[in-house]
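Input: a single structure, listed below in structure tokens.
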Amino acid sequence: MERPLIAVTMGDPSGVGPEIIVQALADPELNRLCRPLVLGDRGALERALAITKLPLTLETVQETGPLRREPGVVYLRELTRLASEEMTFGSPSAAGGDAAYRYICEAAQLCLSGAAKAMATAPINKEALNRAGHHFPGHTELLAQLTGTDQVVMMLAGERLRVTLVTIHEALAQVPALVTRERVLETIRITDRALARYFCPAPRLAVLALNPHCGEGGLFGDEERTVIAPAIAAARAEGIDAVGPLSADTLFHFAVSGGYDAVVCMYHDQGLIPLKLLHFDDGVNVTLGLPIIRTSVDHGTAYDLAGTGKASAQSMKAALVMAAQMAAMGAAPARG
């Protein structure tokens, strides 16, 4: 089967994105798995190559078809030509935010058209994005709009653990009101469909409680009885192998031991603390529910490391590998 073309967005030019991309693409294993096409800025990538001292060359291309398997070549679709002051290391700028927005839009269009089989994104800066007039909290919401998707789910994944989130970037005080039966059920459904298509044919899902000790019979809250358990029952009636609600303080031991293929978590830190404990360097952020495949690094722009060449490229490599693997699995007919 032909290696899938992966659109790689350069992210914020003032952050570590360009550096971790060239470091990742220096790994010959990626060229065996996929055909990466970077959407970005030549000046930023040349600067990254100078910083990292990698023996790579840049080749600017307009078409996606003729990309070859050529060691040592980074293929670039040049979408911006930023001035040096517009991409000062560690300094968000409106120009940089607009550039990052353009890279994402182009990657999404390539995926929607079928020219690219997946996209993998380097980190963006939300302040820069909003300074440029693009008012989105992040990649997820922007991609949902670009693809006309109503419901998406964030999954963080590594080899040992996958977690999906019912609520994401919300104040902890607001979480209980946002954990509704409908939201929990839709998260379970999207998680099940995506895992069945891209990762394993019959996923086993653990669904966590919101409160300590599953509410301790209502002493610590009743969301388990009134919201989460009914959502699980509805999912099971649809044929989904979901169990719970389960207490977060013990469940992850069994998930990491292989008992479950993913854990559905009620809020951000409930899932990300154990995930990052195990996969701090190689975790991957995957947006489930889109009509396209999108993976990303599981970290931010790391402005403090930008320009030093010291940022780890492990998460970028893992995002590209996962995108290629998902593209290969997604070529098969989807379940249901």
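Any value given below was found using the heavy atoms of this structure, including those in side chains, with hydrogens, waters and symmetry copies removed. The first residue of the sequence shown is numbered 1, and numbering continues consecutively from there.
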Query raised in the report: Hey, is the main chain of Val166 close enough, under 3.5 Å, to the side chain of Arg183 for a donor-acceptor pair?
Result: yes
Report summary line: Distance col, row Asp27:CG vs Arg32:CZ, nearest 0.5 angstrom, shows 7.5 Å
Report task. Using modelled atom types only, decide if a donor and an acceptor are shared between the side chain of Thr9 and the backbone of Tyr103 within a distance under 3.5 Å. Result -> no
Query raised in the report: Got more than 12 heavy atoms from elsewhere within 6.0 Å of CD, Glu29?
Result: yes
Query raised in the report: Would a 4.5 Å heavy-atom cut-off, applied to side chains only, mark Val152 and Thr147 as touching?
Result: no
Requested in this report: Take Val227 and Leu210 through the side chain to side chain contact (heavy atoms under 4.5 Å, CB included) test and state the conclusion after the steps.
Outcome: CA-CA 10 Å; Val227 174; Leu210 173 65; over 6 Å; no
Requested in this report: Please examine the side chains of Glu86 and Pro13, heavy atoms only from C-beta on, and report whether any two atoms are closer than 4.5 Å.
Outcome: no
Query - Criterion salt bridge (charged side-chain N to carboxylate O under 4.0 Å, His left out) on Arg35 and Glu2, from CA distance to verdict - result: CA-CA 9 Å; Arg35 295 177 295 145; Glu2 183 183 24; 3.5 Å; yes
Report summary line: Rounded to the nearest 0.5 angstrom, the CG-CD distance for Leu76 and Glu46 is 9.0 Å
Requested in this report: Please tell me if the side chains of Met316 and Gln23 come closer than 4.5 Å, counting only heavy atoms from C-beta onward.
Outcome: no
Query raised in the report: With side chains defined as the heavy atoms from C-beta onward, is the minimum distance between Leu110 and Arg77 less than 4.5 Å?
Result: yes
Query - Salt-bridge criterion met for Glu106 and Arg102 (N-O under 4.0 Å) - result: no
Query raised in the report: Are Leu142 and His134 side-chain neighbours, meaning at least one heavy-atom pair lies under 4.5 Å?
Result: no
**Report entry** All side-chain contact (heavy atoms from CB on, under 4.5 Å) counterparts of Glu85, not counting sequence neighbours
**Finding:** Ala83
Report task. Pick out which of Thr140, Thr121, Asn285 makes a side-chain hydrogen bond (donor to acceptor under 3.5 Å, both in side chains) with Ser296. Result -> Thr121
Query - Student check: side-chain heavy atoms of Asp192 and Glu238 closer than 4.5 Å - result: no
Report task. Evaluate whether atom NZ of Lys317 has more than 12 neighbouring non-hydrogen atoms of other residues, nucleotides or ligands under 6.0 angstrom away. Result -> yes
Query raised in the report: Does Glu19 offer a backbone N or O that forms a donor-acceptor pair with the side chain of Thr52 under 3.5 Å?
Result: no
Requested in this report: Look at the aromatic rings of Tyr101 and Phe136 and report parallel, tilted or perpendicular, splitting at 30° and 60°.
Outcome: parallel
Report task. Go through the steps to decide whether Leu146 and Ile104 satisfy the test side chain to side chain contact (heavy atoms under 4.5 Å, CB included), and finish with yes or no. Result -> CA-CA 9 Å; Leu146 290 172; Ile104 297 164; 4.2 Å; yes
**Report entry** Side-chain heavy-atom pair Leu161, Pro274 within 4.5 angstrom cut-off
**Finding:** yes
Requested in this report: Show the numbers, then the answer: is there a side chain to side chain contact (heavy atoms under 4.5 Å, CB included) between Met119 and Leu39?
Outcome: CA-CA 10 Å; Met119 61 185 287; Leu39 310 178; over 6 Å; no
Query raised in the report: Partners of Leu277 by side-chain contact (heavy atoms from CB on, under 4.5 Å), sequence neighbours excluded?
Result: none
Query raised in the report: Under 4.5 Å between any side-chain heavy atoms of Val264 and Val153, yes or no?
Result: no
